[in-house]
Amino acid sequence: MEHSHYFQMILGTAGMLWVLLVGGMDLQRQESLVLKSLGLTARPSPRSPPPVPHLLWKMFHKRANLSSPASEEGKTPCWVEEFRVPGNIIRVFPDQGQFIHSDKPRSWLCLQKRLYFNFSTLDKGEQVTMAQLQIHFHHNQYQVASPGHPLELSLYQATQAALRGMSSHAYSRKLLVEQSFIHLHKSFVFNLTEAAKMWQTPARNLGLVLEIAGGKLCSGADSFLDTSLLVVSLAHRQCRSTRKRRSTYYVPTGASNICKPRRLYISFRDVGWEDWIIAPQGYLANYCLGECPFPLAEDLNSTNHAILQTVVHSLDPEGTPQPCCVPVRLSPISILYYDNDDNVVLRHYEDMVVDECGCR
């Protein structure tokens, strides 16, 4: 199937007004409209895509393997159950900061590192609802501390940009977290939601400073430290659905010309998006097609207006058109993909699968 036909189908499936495409519209313009309906300003082109974090794989499969569509009934759209916060976009930002190597190293410091997470991929209208800093130790490089000499972890928020040659203590910073531990933990998780909300303003995103101190009880662990920031955000424009999934899912495949869902599987490879969409490889989108004849049967999900319109059409077929066959109940899907900064993103989209059609 040609890409242009696929894009027209996707636009209609997403329930957007873009379904009214001009027949002569070029492929690039159609793709741009599809991406816009998906909340993307441009087609991602990952350069050095990282491995998908285990947590995002787990969350994606949980959403993809719902045992029953009925389990979605009554749930609030765009709600992240794992963290119990509103949201429809989950990103993992890698740390882009650098280790701090002082000309006069302080003997009590095991490690000192600037942390920076690039928030430029967040849209202006997105609302950050949760941010978790994850610090991972891949190897037990630190010795076990004695009860009288615990290791100390301190996390600071930079409140003033550092000038070249300026030490980390010479510019303004605010203590966010301070924690002592005797045994090395494989990982730490800290809630940085309030700090992350400010980072959507680029001028206020000055990063963090991480310090681990322990005197003689630790040695350099630069190559064994990994930090990332998991951010949940809410894009309100994609969370306006009030439709619910029906308790049964069935797409008729007969040859009847009566209004009903028709089977349509959209392959992201055929669309040419396999280089940035991680999963799924495609999805069963379906579409609505068929006539709304007089008299309208009960199973055509017709409105009173549509019923009256068919009556008038039967009396004046030239002056009054028949009602249209359109989606009246749709389901969401989740997509795991790389954005233009090589961040891994799990995004929830409402109204992507046509479950039921009706005459309107």
- Message: Tell me every residue that passes side chain to side chain contact (heavy atoms under 4.5 Å, CB included) with Phe294, counting only those two or more places apart in sequence or in another chain.
- Response: Thr310, Val311, Ser314
- Item | Polar side-chain atom of Tyr349 near backbone of Gly39 as donor-acceptor pair, under 3.5 Å | no
- Message: Using a strict SG to SG cutoff of under 2.5 Å, would you count Cys324 and Cys292 as disulfide-linked?
- Response: no
- Polar side-chain atom of Ser267 near backbone of Asp270 as donor-acceptor pair, under 3.5 Å: yes
- Message: Let's test your reading of the model: do Cys288 and Cys357 have SG atoms under 2.5 angstrom apart?
- Response: yes
- Going by atom types alone, do Glu152 and Ser180 pair a side-chain donor with an acceptor below 3.5 Å? yes
- Which of parallel (below 30°), tilted (30 to 60°) and perpendicular (above 60°) describes Phe268 and Trp273? parallel
- Message: When you measure from the side chain of Asp341 to the backbone of Asn343, do you find a donor-acceptor pair of N or O atoms at a distance under 3.5 Å?
- Response: no
- Item | Asp123 (side chain) donor-acceptor with Gly125 (main chain) under 3.5 angstrom | no
- Step by step, work out the side-chain contact (heavy atoms from CB on, under 4.5 Å) result for Arg263 and Asn286. CA-CA 5 Å; Arg263 184 181 179 89; Asn286 304 323; 4.2 Å; yes
- Query: Which of parallel (below 30°), tilted (30 to 60°) and perpendicular (above 60°) describes Phe119 and Trp199?
  - Reply: perpendicular
- Find the distance between CG (Leu284) and CG (Leu264) and round it off to the nearest 0.5 Å. 7.5 Å
- Note on the structure: Cluster membership besides Tyr116, Ile/Leu/Val/Met/Phe/Trp/Tyr side chains within less than 4.5 angstrom, sorted by chain and number, is none
- Item | Qualifying residue for side chain to side chain contact (heavy atoms under 4.5 Å, CB included) with Met130, from Leu230, Leu234, Val80, Leu192 | Leu230
- Within the distance-only criterion (no hydrogens, no angle test), does the side chain of Thr129 pair as donor or acceptor with the backbone N or O of Pro86 below 3.5 angstrom? yes
- When you look at Val177 and Ser154, which way does the side-chain contact (heavy atoms from CB on, under 4.5 Å) test go after all the steps? CA-CA 6 Å; Val177 175; Ser154 302; over 6 Å; no
- Item | Distance, nearest 0.5 Å, that separates CG of Leu153 from CZ of Phe188 | 6.0 Å
- Heavy-atom donor-acceptor pair, Thr193 side chain to Ala131 backbone, under 3.5 Å: yes
- Message: Main chain of Thr320, side chain of His313: is a donor-acceptor contact present, judged purely on distance under 3.5 Å?
- Response: yes
- Message: Strictly distance-based, threshold 3.5 Å: is any side-chain N or O of Arg204 a donor or acceptor partner for the main-chain N or O of Gln200?
- Response: no
- Message: Test salt bridge (Lys or Arg N to Asp or Glu O under 4.0 Å) on Arg347 and Asp339; report intermediate values, then the result.
- Response: CA-CA 11 Å; Arg347 191 159 186 162; Asp339 66 17; over 6 Å; no
- Item | Check: Asn205 side chain, Met198 main-chain N or O, donor-acceptor pair, under 3.5 Å | no
- Hits for side chain to side chain contact (heavy atoms under 4.5 Å, CB included) against Ile307, two or more places apart or cross-chain, chain-then-number order -> Leu296, Ser302, Asn304
- So, does Asp342 use its side chain to make a donor-acceptor pair with the main chain of Ser48 at under 3.5 Å? yes
